[in-house]
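Here the structure is a predicted model, which is why all the values come from computation and not from measurement.
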Amino acid sequence: QTGTGKTAAFAIPTIQMICEENRVDEERNKVPEGWAKKKKKKRIHTLIITPTRELAIQIYDNFCIYSKHTKVKSCVIFGGVSQKPQEMQIARGVDVLIAPPGRLMDLMNQQVVDISRIKSLVLDETDRMLDMGFIRDIRNIIDKTPKEKQICLFSATFPTEIRKLAKSLLNDPVTIQIQPDKPTVDRIEQCLFYVDKANKADLLLDILKNNDIKNCIVFTRTKYGADKLVRKLNKVKISAKAIHGDKSQGARQRALQEFTEKTLRVLVATDVAARGIDINDLAYVVNFDLPEQAETYIHRIGRTGRAGMSGTAISFCCIDEKQQLSDIQRLLRKQIPVVEEHPFPMQVLEPTVKEPRGRQARGRNQDGHHQDAHQSDMKNGGRKMRGRRHEAEQETLDASVDKSKLIKSGKMPKKLNNAGNEYIPRKRFQPGKPMQGKHADKVAGGAKSSQHSRSGASRTAKRPAGHNTKKNK
């Protein structure tokens with residue numbers, strides 16, 4: 001379940017362990033008064049791996065708050081920014097390192113980060129890292145850590161893949177589950193709007209006319225859809241910004257900062273902001289597009305109703321998203337209440353048929369075997385040509401076929417071209433044989449002129465004094 005304090009669950013014990021170990025080291029290496037103390041460089045004690053940069057920064061901020069009155073030093077590294085300041089901070093020594101897998105692997109390959117002596121490894125939002133394809137990087141990172149260490153896996157959902165990963169990495173682990181039978185927070189009020197895909201933006205604008213909605217997060221499926229929606233909202237003077245994978249790290253951080261400070265009303269995001277992002281007093285979440293995976297719905301609406309607060313989750317559903325809706329309701333084990341009265345009811349009641357493209361259009365022949373689009377087209381009387389160029393080629397092909405049939409039947413003489421005019425076939429000039437026909441004079445004249453231009457007189461013209469051909473060449 002989201003919003004239950006998983007970050008504090010591993011942050012506070014980690015800080016406590018580091019403080020106790022530092023106290024033991026100080027007592028062991030106690031120096032008599034007046035002696036110079038040797039400054040020992042800190043080594044990485046705990047490594048925390050997160051799927052996104054935003055979550056890494058948030059965990060780092062939490063560690064800074066929790067360890068304010070201690071000597072525990074934390075560091076966060078992530079891509080999209082210069083790595084030089086991060087290298088300098090690591091060189092000074094850190095106790096806790098927080099990083100996404102990408103930048104961590106880069107600095108490990110550059111031998112900037114050494115994780116061969118860590119004592120604790122934390123994988124946060126493990127299911128999201130598996131969805132993003134980080135499983136190979138995670139295994140490579142774990143291979144470079146010592147055998148004797150503590151590993152903690154944290155996740156809001158525990159699908160089969162997570163259980164398999166835990167079984168392969170952990171040794172007789174202790175499993176802690178918080179309210180497994182209630183996947184969503186009961187305090188979140190959920191409602192559903194059936195609306196056509198083309199009217200979703202208009203319905204959102206109508207909902208945002210309610211002044212009680214001070215701020216909200218709107219989740220879209222694609223980056224392009226997020227940018228397009230932001231342009232529509234800004235056109236009607238609703239302050240909105242988008243965060244997704246194509247935005248720079250600075251732009252993403254500025255958008256989150258403005259949204260947290262309540263200077264930005266609408267934050268349009270892909271699922272990059274659906275995991276672990278904690279925003280105080282967020283009352284509304286809008287699912288502009290339903291997610292492909294039902295578990296992602298829980299993460300999205302979990303941005304509101306955190307830490308015992310109440311919230312509202314609004315979802316839009318078009319005819320093409322009925323399957324995703326049924327998967328979500330099956331996971332929730334209940335039906336989401338439907339809002340019947342709104343200005344944009346659903347008009348399109350038939351799902352959109354996606355036409356296959358190119359050779360992906362596969363069917364079956366009479367024998368039951370698969371055949372691609374090219375084979376089926378050839379079977380139906382030749383390749384189906386599309387576009388102006390292909391149509392012109394088809395017309396030329398048809399004309400040549402008709403011409404050959406006419407010539408074979410004797411209805412069309414061989415000396416007629418495609419336009420039906422008489423023409424004289426051009427013959428190639430052969431040395432020693434004079435040209436015949438009306439083009440002979442022209443060819444002969446051309447030969448004379450070319451012969452004159454290549455005469456010996458032109459080749460033996462006087463060169464200026466001191467001219468050296470080889471040297472100039």
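A donor-acceptor pair under 3.5 Å is absent between the side-chain atoms of D289 and the main chain of T220, judged by distance alone. At distances below 3.5 Å, at least one donor-acceptor pair connects side-chain atoms of S248 with backbone N or O atoms of A251. Checking side-chain atoms of T304 against main-chain N and O of I301 turns up no donor-acceptor pair under 3.5 Å. Side-chain atoms of R303 come within 3.5 Å of backbone atoms of H299 as a donor-acceptor pair (strictly under, hydrogens ignored).
The CG atom of L123 lies 4.5 Å from the CG atom of L121; values are rounded to the nearest 0.5 Å. Separation of atoms CG (D137) and CE (M129) is listed at 10.5 Å; rounding is to 0.5 Å. Distance CD1/I207 to SG/C216: 9.0 Å, rounded to 0.5 Å. Note that the CG atom of D206 and the CG atom of N199 stand 11.5 Å from one another [nearest 0.5 Å]. We find the CG-CG distance between L264 and N215 to be 9.0 Å, quoted to the nearest 0.5 Å. Note that CD of E258 and CZ of R265 are 16.0 Å apart. Values are rounded to the nearest 0.5 Å.
Between F63 and F10, the ring-plane angle classifies as tilted under the 30° and 60° cut-offs.
You'll find the side chain of I141 reaches within 4.5 Å of the side chain of L47, heavy atoms only. Using a 4.5 Å cut-off on side-chain heavy atoms (C-beta onward), Q190 and Y297 make contact. Here the side chains of K119 and E21 are in contact, with some heavy-atom distance below 4.5 Å. Side-chain contact between L256 and L267 is present, with heavy atoms from C-beta onward closer than 4.5 Å. Counting heavy atoms from C-beta outward, L203 and F316 have side chains that approach closer than 4.5 Å. R330 places a side-chain heavy atom less than 4.5 Å from the side chain of S326. No side-chain heavy atom of T263 sits less than 4.5 Å from a side-chain heavy atom of S239. By the 4.5 Å heavy-atom criterion applied to side chains, L282 and F259 are counted as neighbours.
Looking only at atom types and distance, the side chain of E26 has no donor-acceptor partner in the side chain of N22 under 3.5 Å away. Side-chain polar atoms of E54 and Q58 form no donor-acceptor pair below 3.5 angstrom. A donor-acceptor pair shorter than 3.5 Å can be found between the side chains of T352 and D320.
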Report all side-chain donor-acceptor pairs from residues 336-350 shorter than 3.5 Å, counting only partners two or more places apart or in another chain.
{"residue": "H342", "atom": "ND1", "partner": "F344", "partner atom": "N", "Å": "3.2"}
{"residue": "H342", "atom": "ND1", "partner": "F344", "partner atom": "O", "Å": "3.2"}
{"residue": "H342", "atom": "NE2", "partner": "Y194", "partner atom": "O", "Å": "3.1"}

**Asked** side-chain contact (heavy atoms from CB on, under 4.5 Å) between L331 and D327: does it pass, once the steps are laid out?
**Response** CA-CA 6 Å; L331 180 66; D327 294 340; over 6 Å; no
**Message:** With side-chain contact (heavy atoms from CB on, under 4.5 Å) as the criterion, how do V230 and V266 come out once you've worked through the C-alpha distance, each side chain's angles and the decisive distance to 0.1 Å?
**Reply:** CA-CA 9 Å; V230 166; V266 179; over 6 Å; no
**Request:** Apply the test side-chain contact (heavy atoms from CB on, under 4.5 Å) to residues V96 and V72: give CA-CA distance (whole Å), side-chain angles for both, the deciding distance (0.1 Å), then the verdict.
**Result:** CA-CA 8 Å; V96 180; V72 177; 4.3 Å; yes
**Message:** As a quick check of understanding, evaluate side-chain contact (heavy atoms from CB on, under 4.5 Å) for T270 and T222, giving each step before the final call.
**Reply:** CA-CA 6 Å; T270 55; T222 62; 6.0 Å; no
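When all heavy atoms of A242 and D227 are compared, the closest pair comes out as CB-OD1, 3.8 Å. A226 and H244 get closest at one heavy-atom pair: CB-CD2, 4.2 Å. P51 and P100 make their closest contact through O-CB, 4.5 Å (heavy atoms, listed as atom of the first residue, atom of the second, distance). Considering every non-hydrogen atom in both L290 and R300, the closest pair reads C-NH1, 4.1 Å. S74 and Q89 get closest at one heavy-atom pair: O-NE2, 3.4 Å. Nearest heavy-atom pair across A8 and P13 is O-CD, 3.7 Å.
Within a 6.0 Å radius of NZ in K149, other residues, nucleotides and ligands contribute more than 12 heavy atoms.
Using a 4.0 Å cut-off between charged side-chain N and carboxylate O, E27 and R23 make a salt bridge. At a threshold of 4.0 Å, the pair K200-E321 counts as salt-bridged, since one of the basic side-chain nitrogens sits closer than that to a carboxylate oxygen.
Residue pairs meeting the side chain to side chain donor-acceptor pair (under 3.5 Å) criterion with at least one member in residues 93-114, sequence neighbours excluded: K42-D95, Q83-Q110, Q86-R103, D114-S116.
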